[in-house]
Every structure is written in C-alpha cells, then in structure tokens.
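Everything on this sheet refers to the single structure shown next.
Quick note on labels: first sequence line is chain A, next is B, and so on, each numbered from 1.
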Amino acid sequence: MKITGEHLIEAPPEKVWQNILDPRVLEKITPGIKSLEELAPDHYKAVSEIKMGPVKGQFEGEFTIKDKTENKSCKIVLDQKSKIGNALAEINLELIPVSDTQTKVHYTGDARISGMLARMGQRLIGGVVKTLSKQFFEALQKEIEQ
Amino acid sequence: MGKFIGKSIKRKEDVRFLTGKGKYTDDIKLPGMTHAAFVRSPYAHAKINNINTAEALKAEGVVAIFTGQDECGNYGVPCGWQVNFKNGETMREPQQPLLAKGVVRYLGEAVAIVIAETLEQARDAAELVEVDYEELPAVTNPKEAMKEGAPLVHDEWPDNAAFDWCIGNDRAEVEKALENAHHVTELEYVNQRLAPNAIEPRSYIADYNAADDKWTLYTSTQNPHLIRLLLCAFALGIPEHKVRVVSYDVGGGFGSKIFHYTQEALLTWATKQIGRPIKWTADRSEAFLTDAHGRDHVVKAKMGFDKEGKIVALLADEYCAMGAYLSTFAPAIPTYLHGTLFQGLYTTPLIHLDVTAPFTHTVPVDAYRGAGRPEATYLLERLIETGAKEMGMDPAEIRFKNFIPPFDGVNQPGYQTQVALQYDSGNYAPVLKRALEMAGYEDFRKEQEEARKQGKLLGIGISTYIEACGIAPSAVVGALGARAGLYEAGEVRVQPTGKVSIYTGAHAHGQGHETTFAQIVADKLGIALEDVEIIHGDSERSAFGMGTYGSRSLAVGGSAIVKSIEKVLEKGAKIAAHKLEAAVEDLDYADGKWTVKGTDKSVSFGDVALTAYVPHDYPEGLEPGLDFSSFYDPANFTYPFGAHIAIVEVCPDTGKVTLKRFITCDDVGNVINPMIVDGQVHGGVVQGIGQALLEGVVYDENGQMISGSYMDYAMPRADDVPMIETDRTVTPCPHNPLGVKGAGEAGTIGSTPAVVNAVVDALWHLGIRDIPMPLTPARVWEAMNAAKA
Amino acid sequence: MKVTLTVNGKQYSQEVEPRTSLTHFLREMLNLTGTHIGCDTSSCGACTVILDGVAVKSCTVLAVQADGCEVTTIEGLAEGDHLHPIQEAFREHHGLQCGFCTPGMVMTAVDLLQKNPNPTEEEIRHGLEGNFCRCTGYHNIVKSIQHAAEKLNA
C-alpha cells in the first residue's frame, strides 16, 4: 500500500536533518518505539509496540537510512517482524525549505504488511500511518524547540 | 399424501438444540485429551529456510511439535475428482501436504502443529516457534495466474493450469451463430470468491487406542464414510476397519465440511505418536484462512438472440481458481457441476463453454452451496436479462419465449440438453407466472415509473434457474472423473417390539433428516412417528454411505430407506400370512397391520416383528429377523427449478441497496415436509443475497487476505433482508420412489442474479449495465457517479 | 483468581486465570457446552448469555468480571421438561436448522422481549443484528420471536 503525506516543521532543513538522523532523538520521538540500537552507522535494530485497530503487537527488526543527500533527502527502509505479521516499508523523505525558519517534510513510500496485521489491520492502516506520522512530527517539532 | 408425508411436522431434533444439549465436536471432552494449535504462514508464497521449535518445546505444557520435516510431511490429502486437459494430458495433481514442506503456497498454510495440555498452552507455544521465510511473489487472480511470467504455484509444471476443459457444441459453430445473430449481449465479470462461514467452525478430535489398535476421529463433517475412505486409503494408508469416524451434530456445512482436510489426517497421525487424544477447533480467523472457499470465476460470456428474442447461441470463457492445491471435489465444480447447467430452462440450440482452472496462491476453492450451479445461473440470467433490456423487450416475456416446453419424463421423454444432461421432468412457465403474480409485476412497473418521478430508484429483477441435484448415478459420475460412487445406504432395523431404527449414510447438519426420514418411514409402515429413530453420523453404525451435499439426501438417501422398507414389508407379509393362515396375495397392508382382504382378520406390524425375532411358530425356510439394508443408486440426477424475483430500492445519495421484497416460486418435486423445505429456501436465498450485496473474500496483490474476520467480511444480518415470500409448484421426479428432487441449494442458485438484475433495473435509465458483486453502497455509488459523468 | 458465580441458579466457586473468558468458563469448567463459540471478534453472538438480567456476548466478558453475578445460559431456560415460551416458539416455527447459533439467538430474544414486549418486525431484526445465522435466512427466527411475544403477552 502507498504511504504519502507532508508536514510543516518550524525549523530550517539543516535542523530537521540533524534531528531525524540522531538515533537518540529518533528513539524519543518515534511513536511506539521501545528501543533503538545502533548496529552500524544508519543501521539500527528497533523494537516497537504498535496497535492497529483490533490488533496489537511487538515488532522487532531493522531500520536503515539510505541514499542520503545532506539536508535534502533520504530513504528509510523498515523491515519489522512480529507475531501478528510482518511489515516491510520503504519511505522517501524530502526536506523542502519553505522559508528560513520553515521546512516542509514530504514523505512517500510503499508498505507491505502480512499475516493477521494485514487481515485485520489493512483497512485501518491508512489512518494509523496518518496518526503515527502526525505524532512523530509533532514530537520532532517539540524536540527541535527544546 | 399420507399421515405424515407432506405435513409440516415439527422437528424431532429441535428440543436438544433448544436446550443446549446438541453434541457438536467441540463439546466433546475425552480423558487425557490434548489440544493443538497451528503455526501458519504469514505469506501467500514463501520458501521456508528454517523452523526452530527449540524455545516452543520448552514451553509449559507442550507435549509435542511436528513440522513438515517429520514423518507426517510425507503424507497428503487426495483429490477425489479427476478432470483431464482437453488434449488428453492428465490433470496436474500436486500433493496437498499435511504440513508445508519447504514451501508455503497460501496465506495461512500450516507449517507446524503444537500439541499441549491446554489450548492456551498450545497457542502460547505456537508463538514461540520461529520460522525463517523468504517471501516469494504470489498470484491470486485466476486470470492473472495464466499470464506469461506469472509466479508459479508449483514449480514442476510450466504454467499454473491444473486442467482445462470444455463442453457443448463445436466452438466454431457457436461463434458463427453469434456472428449471424440479430443481437449479441456480452458481459465480463467476476463471480467473486466467497467464504462459506458455517457458524460452527471446523472441529476435530483424533483418539488412538493402543489396546485395540484403533482410531476414532470425531469430525465436523458432512460425510463420515467418505472421510474415512479418503483418510485411510489415500492420506495415511491405514486399514479402514481400524478407523471409526464419528460426526454427531454439525453446525452447518454448506459444502465446506464435505472435504477431507489436512487437519483430520494430521491429527489422526499425531494421536498415535503421542498416545493421547488431540482436539483442534478452528477459530474464525482460521476458518477464513483454511476452509475451502467457493466461486472465484473470471468470466467473459456472450449470448446471441434472434429478432424475436429467442436465444440462438451461448459462448463463455472462464478462468476458475483452484487455489494452491486441489481440494476433494474442486475439479468437478467449475466443470461438471457448472457447464452442464448452461442450458438453463431455455431451448438454446448452441452452447459452448471453455474453462481454464489455474492454481493460485490462495486457499483451495471447492463446493460452496450450489457449487458451480449458482455461477451458471448467474451467467445465464444476467445475460438474458441484459439482452432483453438492450433489445427493448420485457425481461419476463423473453424468458417465456425461451422456456423448454413442459415434459413429465413419463409420457414425454426427458429433455436432452446441449451440455450432456438429460432433464428428468419440467414445467417451467408456471413457476415464473406465479412469481410474477406474487410480485404484482405489472403494477410494479407503474409504481417504479411514479417513484422515478419523485427521485426514488426502484428496481425489479427476475431469475429462473434449474439445478442438477440428488447427485447421482455412480456410473455417470464415474465416467466424468469422480473417484467415488454416489449412491446412498439405508438400513432398517425393526426391533422385536416393532420399534424401528433407521441407519442412513446421509448426514444432517441442519436439514432435519431425523424428522423427514422418520415421516417417510412412519407413513410407509403405518406406525407412530415416535416409534422411528434415525441414526446417522457414525461410520461404525451405518453402512457405507456418501453423506449429504448437492441436495441429495432425500432423493438418494430417502430412496435407499424406502427400498429397505419395501423389503421389510415383503418379508413381513410372509410372516403375517403364516400367522393369519392366508396367502400373501390375499393380504393388504394399511395402518400398521396386515389384513386378509374382505375380512376383519388382521395382525399388527408389532406382532409380526415380535414373531420375526421369536420365531417359534414361523414360516418354514424363512430366516428370523426383520432387518434390511439397501443401497440406492439413482437413474439420473434430479432437476428442481424455479423463479425468483427481487424488488429493491437504491438510495440515490449513498448507493445503498435496500431489498424490499424477495419472492420465490420453486419446484422441488414432491415435498415431504413443507416447513423444512421453506426453511431451506429462506436460508439459501439469503446466502445468495449475501453474494449479491455483501460478501467477498479479498486478497491483496501480495496474497494477503484483507477480509479475514467478521469485521471485514460482511455476513448477511437479520436487518439486511426482508421476509422471503415463497410458493411452489409440484412436478414429481419420475425416477425415484418418492418423486422428490431436492431443495437444499435452490435458494442460493436462484437468488443472486435476481438481486443484481433488480439493482441494474433500478439504474438502467442512468446508463448503468452492470456493477461488480458484491453491490456494496460504494460500488453502486461509484457506478452512479460514473454514469453521471 | 477465585470467582464465585451463580449459573442457572446454582453457585460455583472456581480458580480461573485472569484471561479466562466467561464462555471458556462455562464451556470448559462447568461443562455447559450449550453456549457456543462462532468467532473471535465478538460479532456472531453464538455465545450470548444473560448476565444479571442483560444479554451479553460471553466471549467478551472475562470470568473475573462476572464474579458475584448471576448467569443464565440456554441450559437454564427451560423449567424441567417445559420449554420457555421462546424456545417453544422456535420449535413451533422452525426457527432453527443446524442449531449452532440457536442458543445465542434464544438468549438474545429473551433480552429483546424483556426490553420491548411488543416489538415490530423491524425492531426484532434490529435487535438480532449482533447474531449471525447462516441457515435460516432469519425469516423463521423473526417469526418465532413475533409469536413468542404474542404468547408472552397473552
């Protein structure tokens, strides 16, 4: 399924970039995340707990940041497994400067989910992704402001 | 009509169901019983690199864990019907393994079984089994599966076809007739995949007893003997006389409980390994993932008409999904139970159907209520209705024009169709006439016109159908590829006191056999209904029978019982003649006694029974006892038919379809219990309405099922449907002793196209010609919006 | 955890796991197998019982939540050999076929007619929304409840 959206952050692209690529920040601001462990630069092991409508599960798997163009764009690859099904996602992030103090973060990607997650959660996934990304970017904004 | 036959006798089985005393498989508890849970594939197609059970084996309460690497991985369940390719090549028949071995081919395919002391422990431990999969591309749509480069379900064959098949007249001849036709109607659609959804999920208990080296399998099946045969002779290779298959009360089947499932064989194998009974009951998610589905045909069809609206030719091409493996009767469904019904009630002189049946990365597809015949009726009735409208003819009128003239099968011969079957008896115009009368067809058209002026969208839809049921003559089905006979067994044991026990190979899971069969026996013997007991569902009690499906129980199973009753009466007459000191020819049998003609000298059935078992004063040379067993193998299928009419209102703002009325006039031959027949029709109709408006199994492009729960799969609810208005005509079956035809599937076969025709009728003036099933508000709304644009 | 419940007039005290559903408690611990399980999403209603006078889907009630409550199951509805008027109406009007959804249907009907002794057809259909039947097409279930209402009001 396709994932697209955008969010306006009150900060210049450099600041956004710096925060998004900081594992300590990510661990703090990513909704549902329980731990994030750096395996290699830009390559992490993540454990998270996500609730999608009637199904809830603990996910474990890898999280990689690729194709980086500093302050401009990158690609996030997620490969998460859980007892209720697996999720594989590739998301392209683009930072578009709007003004000196504003950045539009545009994201677009594709996610594949399987198992019970797909069976019970597919019709809800769009809404869940929206909610989670909103939470993520709001937390990012707060983090930047601190 | 007798004292009981033809009467709406209240059901004998009801009190136990109404007081919670039904005995369904999951209600059974055996001493020392363990519980099983399955580890299932989260992918539609994947390579299994490794299965790690170490952690799970350490979990509390775990008794054993088996995977495809164990001995059970060598066994598989068989297919019971062979349909070869048109070019003579043998049907491609992969083994359906009890547990996946190396590769999983559909979402939910079992990879490991975890057996533990309690169900909770089994489920907890199943979560600890680690499976390393490598996901592979999948294909779920049968037409896509036949495209060049489609992912292969089974690598050993160059494409996904399990077989292809055709029936009817020469294709070129049919095509030529279509070219020359005055008008040709063409439709392309999907007859969507359905989940059967018996409310009782499948449930099995296997119990091996080492003391006598015997197995008992308690199973929620529609045909215990057939399961025993497939299980013993084909799946596991164990001696048949060492296995007892028991199926007490079964909470609905609708086809889905005919088939021999892998879990039955796996549990039977595993119980011997662990030396304890094992129970497994599907939860609803597992039912969606693993019960054989129904339908799933991708169809392109053409019907040609002459100027008067007479059908001149019918041509169809279909892709019919088989799923990842061939389920028990799967190959028969889109072929011999489908193409053979393309004549419908019409005199169409030229018919041709080509079927391609591919494997897909989905759960197997097999018989679901109606099985092939609803799909045939949908095709015919959507085409003729659309054709009528396109030519500006009345949809009722065009059907009357095309009906086969009446024939009773006695004075007139049966009707030879273009598609192999010979109909037994039929009189088609009266059912439609009556249904139109009930619907108030003429007045409705005026009402519709008026409503339209006020912005209301009303529609009426007709469907007429024929079905081949009472399946059927063994020689015929054998010639068509069935690997089993399709007769039925019926045994009558007259007890010394004159009470009667009937053992039938048919199986009731809602049909009320305990009542209808008893009605027949009580009437034929002239005894009280309470004096008759019907026993079914136990392979060690009844003679080998074929079970219940395809609306066959009364026509085939009932006839077997009648045969045994006749033998009882014949022998009884000899005993009675001896007691009355009269000749057999001088006796009459009525009201439960033999009477010497023209006298008041008589002897009762009970007296004769007692004499048969206490043969002190007894005819010379006659064996004691009064038990008879019979097998009945009919001369032909039976051919019930009928007309259904739906009246709908479509909300112009939301696209929601409200079914305002549903009318049926069916002809199921003679009727033993009208109340039960009506009940069968009501339920069947609502299942057909479910397909038209609500239901559909959806796999996404990766083979994930996204309709796998009752929150996502729309079942018909009480407030989705109106009261069903029913009536009947009676055209007896000429070839079975009861003159009955079968009523179990009629409702489902006729109703779906009536509803769709009604919705399209409501929207025809907007330019809408077809809407894909199920006709959800979203789809109807989209169609209306597209028509506006 | 220990729970004490009155089921069909009889008191039971049992140790249960906190996750034990009321359905499981009734079926597996008390052997009252008339209450059925037809789904895992609280949609089908086959498990409906009366809990302190109100119909509930027992699959979504934990045994511990029912501690101290009174439960009536299908087994407790008839008085001896005398069927409850709703059971009788189901028999009389062929309101059941395979019998699997029947206990839930009957218990739902008990609740429905308690709350609304004179329901219209529409109200009955609405009241049965949470119970699936795959056999009857609901026709004779609705009819049974209509007739039971008449009888109970007579």
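C:D40 has its side chain within reach of B:R284: a pair of non-hydrogen atoms, C-beta onward, lies under 4.5 Å apart.
Contact annotation for B:Q680: both backbone and side-chain heavy atoms come within less than 4.5 Å of a heavy atom of chain C. Neither the backbone nor the side chain of B:K23 comes within contact range of chain C; no heavy atoms are under 4.5 Å apart. If you measure heavy-atom distances from B:I676 to chain C, the contacts under 4.5 Å come from both the backbone and the side chain. For B:D26, the parts lying under 4.5 angstrom from a heavy atom of chain C are both the backbone and the side chain. If you measure heavy-atom distances from B:S709 to chain C, the contacts under 4.5 Å come from the side chain alone. With a 4.5 Å cut-off on non-hydrogen atoms, B:F254 touches chain C through its side chain but not through its backbone.
If you tally non-hydrogen atom pairs under 4.5 Å between each of B:G690, B:G747, B:G679 and chain C, the highest count goes to B:G679. Contact count against chain B (heavy-atom pairs under 4.5 Å) is highest for C:E75 among C:E75, C:H84, C:M105. Interface check for chain C: of the options B:E13, B:R369, B:E120, the most heavy-atom pairs under 4.5 Å are formed by B:E120. For chain C, the option among B:G20, B:G683, B:A718 with the highest count of heavy-atom pairs below 4.5 Å is B:A718.
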task: Could you walk me through whether C:L96 and B:R11 pass side chain to side chain contact (heavy atoms under 4.5 Å, CB included), step by step?
output: CA-CA 10 Å; C:L96 64 151; B:R11 299 203 318 170; 4.0 Å; yes

message: Before you tell me yes or no, could you show the steps for B:V686 and C:R134 under side chain to side chain contact (heavy atoms under 4.5 Å, CB included), namely the whole-Å CA-CA distance, both residues' side-chain angles and the distance that decides it to 0.1 Å?
response: CA-CA 8 Å; B:V686 170; C:R134 196 59 153 169; over 6 Å; no

field: Criterion side chain to side chain contact (heavy atoms under 4.5 Å, CB included) on B:K29 and C:N31, from CA distance to verdict
entry: CA-CA 9 Å; B:K29 277 181 210 167; C:N31 281 318; 2.3 Å; yes

message: Please evaluate residues C:R125 and B:V721 with respect to the criterion side chain to side chain contact (heavy atoms under 4.5 Å, CB included), reporting the C-alpha separation (whole Å), side-chain torsions for both, the decisive distance (0.1 Å), and the verdict.
response: CA-CA 9 Å; C:R125 287 187 183 275; B:V721 290; 3.7 Å; yes

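Here B:D124 pairs with C:R19 in a salt bridge; the nearest charged N to carboxylate O distance falls below 4.0 Å.
For residues 28-77 of chain C, the ring-ring contact (aromatic ring centres under 6.0 Å, His included) pairs, not counting sequence neighbours, are B:Y24-C:H36, C:H36-C:F100.
Summarising the local packing, CD of C:E122 is surrounded by 12 or fewer heavy atoms from other residues, nucleotides or ligands at distances under 6.0 Å.
Looking at B:H682, its side chain never comes within 3.5 Å of a backbone N or O of C:H139 through a donor-acceptor pair.
Contact annotation for residues 52-74 of chain C against chain B (heavy-atom separation below 4.5 Å, listed by residue number): C:I74.
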